[in-house]
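Reckoned from all heavy atoms, side chains included, excluding hydrogens, waters and symmetry mates. We count ligands from 1, going down the list as the structure has it; atoms in each ligand are counted the same way.
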Amino acid sequence: DPPVLISESPKKISFTLRRRSKRFLFRVSAVSYKDFAESAFEETRKRIVLEPSPLQERYSSITGLDGKSELQMLAFKSSKIRLLRSMAIENETMQVFDFAGFMEPEYDAPIFCANFFTSANTNIVVLDLNPLHQLTDRTDYQEKYYNKIMSIYHKYAETFPWGGKLTGESIKFFSPLVMWTRFSSSQEKHKALFSAFLEYYQAWLEMTIQVGDEMEPSQVRANREAQHKYLTWRAQKDPGHGLLKRSVGEAKAKELLRDFLFNGVDELGTKTFIDYFPEYETEDGTVSDKRSIIGKSYETRPWDLTGRFIG
Ligand code: BLA
């Protein structure tokens with residue numbers, strides 16, 4: 001056993017020891033995504049002024065229906081960042097992390113997206129700067145934000161290979177920088193994931209600092225609608241929904257999704273899910289329960305080494 005670090009708080013030490021005696025297996029896979037969030041906010045405060053988000057008053061922590069899961073929510077904003085928020089869920093068998101950053105509509109910088117799911121023996125990871133605009137028809141957007149930083153992806157490509165087929169619809173929300181991967185837990189992998197997370201985050205933070213505001217009202221409108229479409233997709237079809245509903249119940253999960261995680265879905269636009277994704281409309285006009293219409297696709301990475309989409 002590695003020694004318990006003396007810098008850990010007493011609370012953390014007793015947690016570690018308890019786990020050691022009772023559930024040895026899970027200690028090995030333990031990763032604390034709260035530390036990931038703290039580090040990202042710390043890096044942010046070195047560069048820009050963070051203000052608390054009004055959402056923080058309503059969301060800070062929740063205990064799950066099982067009495068054992070803890071959900072921790074943190075939310076900030078800055079003059080340019082509309083919402084920088086984090087949710088970490090932890091219980092004895094699983095850790096979940098959902099960290100995102102959304103710009104004000106005057107700025108076209110990408111959306112920061114880290115979604116990590118860890119259970120006893122598996123990890124499902126999406127880490128990306130999700131493009132605000134469709135890269136296949138906006139080569140200027142790819143040039144502006146991605147071409148220069150593709151080395152970040154290459155650095156982790158071997159450690160975190162492509163995770164295999166995924167919901168076909170998701171690919172258009174991802175950039176050529178995306179780290180989509182699955183792996184078995186190990187301290188090395190979790191350490192590498194922490195580095196990758198901070199490196200992707202630093203790249204995003206730098207973009208938010210460099211980006212100038214759009215003067216053209218039509219551009220601001222386009223940015224707002226693009227962000228609204230993204231929020232509409234995730235508030236309706238995100239793969240984490242089932243787990244969130246089981247953790248806190250249907251009503252609370254819905255509130256968390258629409259008001260906290262994907263805040264803006266009810267404010268940034270009036271178009272409906274069907275307006276954006278008409279292929280999901282059923283005979284009676286409601287949204288299909290199906291997660292995907294296309295089905296699982298992309299066995300291998302659909303971008304070449306330079307980041308060009310090859311399908
Ligand atoms: C699985 N999460 C997945 C998968 C993807 C993502 C691609 C693989 C399954 C699939 O192909 O759909 C993540 N998909 C994304 C992201 C976007 C997207 C980030 O389209 C952005 C546009 N994951 C979470 C949270 C939970 C969670 C908060 O982020 C739980 C509360 C759980 N994700 C989770 C689980 C699975 C999963 C349990 C496996 C179950 C499944 O495959 O459906």
Side-chain angles (χ1 to χ4, degrees), residues 31 33-34 36-37 59 62 64-66 69-74 85-91 93-102 110-135 160 162-175 177-183 193 197 200 204 226-250 252-258 260-262 264-265 273 276-277 280 289-302:
V31 53
Y33 291 130
K34 287 183 192 172
F36 283 46
Y59 302 95
I62 302 176
L65 296 175
D66 60 3
S69 306
E70 283 296 329
L71 288 80
Q72 182 208 57
M73 277 78 69
L74 294 167
R85 56 70 176 167
S86 162
M87 181 179 74
I89 310 178
E90 281 182 17
N91 61 34
T93 59
M94 152 202 110
Q95 294 86 31
V96 173
F97 188 44
D98 184 335
F99 191 105
F102 304 98
I111 294 162
F112 183 79
C113 166
N115 282 79
F116 307 159
F117 171 82
T118 300
S119 66
N121 40 38
T122 184
N123 292 266
I124 301 175
V125 162
V126 174
L127 176 61
D128 192 25
L129 313 189
N130 292 155
L132 191 64
H133 299 293
Q134 194 79 62
L135 296 176
F160 296 116
W162 187 249
K165 284 190 174 184
L166 74 166
T167 301
E169 282 83 356
S170 292
I171 217 76
K172 59 181 179 295
F173 297 104
F174 294 171
S175 83
L177 207 64
V178 71
M179 205 170 103
W180 150 242
T181 192
R182 303 166 186 266
F183 56 89
L193 183 62
F197 168 70
Y200 274 69
W204 179 76
Q227 192 178 138
H228 186 246
K229 181 177 179 179
Y230 177 93
L231 294 165
T232 302
W233 170 258
R234 295 202 61 189
Q236 186 87 31
K237 295 293 177 194
D238 211 54
H241 288 190
L243 198 149
L244 202 57
K245 278 179 196 159
R246 287 194 296 282
S247 300
V248 296
E250 179 133 23
K252 194 73 196 169
K254 195 168 176 222
E255 187 195 333
L256 273 172
L257 282 162
R258 298 198 77 87
F260 183 79
L261 293 174
F262 305 113
V265 65
F273 185 87
Y276 290 127
F277 310 101
Y280 280 84
D289 285 337
K290 282 191 196 157
R291 272 265 306 285
S292 174
I293 302 296
I294 302 176
K296 298 270 181 186
S297 318
Y298 306 106
E299 184 85 59
T300 56
R301 215 182 136 77

For ligand 1, output the ligand-protein N/O contacts shorter than 3.5 angstrom; if there are none, return none.
residue, atom, partner, partner atom, Å
ligand 1, 11 (O), Thr167, N, 2.7
ligand 1, 11 (O), Thr167, OG1, 3.1
ligand 1, 11 (O), Lys296, NZ, 3.1
ligand 1, 12 (O), Thr167, OG1, 2.6
ligand 1, 12 (O), Arg291, NH2, 2.4
ligand 1, 20 (O), Ser170, OG, 2.6
ligand 1, 29 (O), Asn115, ND2, 2.4
ligand 1, 43 (O), Arg291, NH1, 3.1

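Shown here are the salt bridge (charged side-chain N to carboxylate O under 4.0 Å, His left out) partners of Lys34, two or more places apart in sequence or in another chain: there are none. With sequence neighbours excluded, the residues forming a side-chain hydrogen bond (donor to acceptor under 3.5 Å, both in side chains) with Asn123 are Thr118, Ser185, His190, listed by chain and number.
Side-chain polar atoms of Tyr59 and Gln72 form no donor-acceptor pair below 3.5 angstrom. The closest side-chain donor-acceptor pair between Asn115 and Arg234 falls under 3.5 angstrom. Side-chain atoms of Tyr230 and Asn130 include a donor-acceptor pair closer than 3.5 Å.
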For a quick test of your reading: what N or O donor-acceptor pairs under 3.5 Å do the side chains of residues 164-172 make, sequence neighbours left out?
residue, atom, partner, partner atom, Å
Thr167, OG1, Arg291, NH2, 3.3
Glu169, OE1, Ser292, OG, 2.6
Glu169, OE2, Tyr280, OH, 3.2
Glu169, OE2, Ile293, N, 2.8
Glu169, OE2, Ile294, N, 2.9
Lys172, NZ, Glu169, O, 3.3

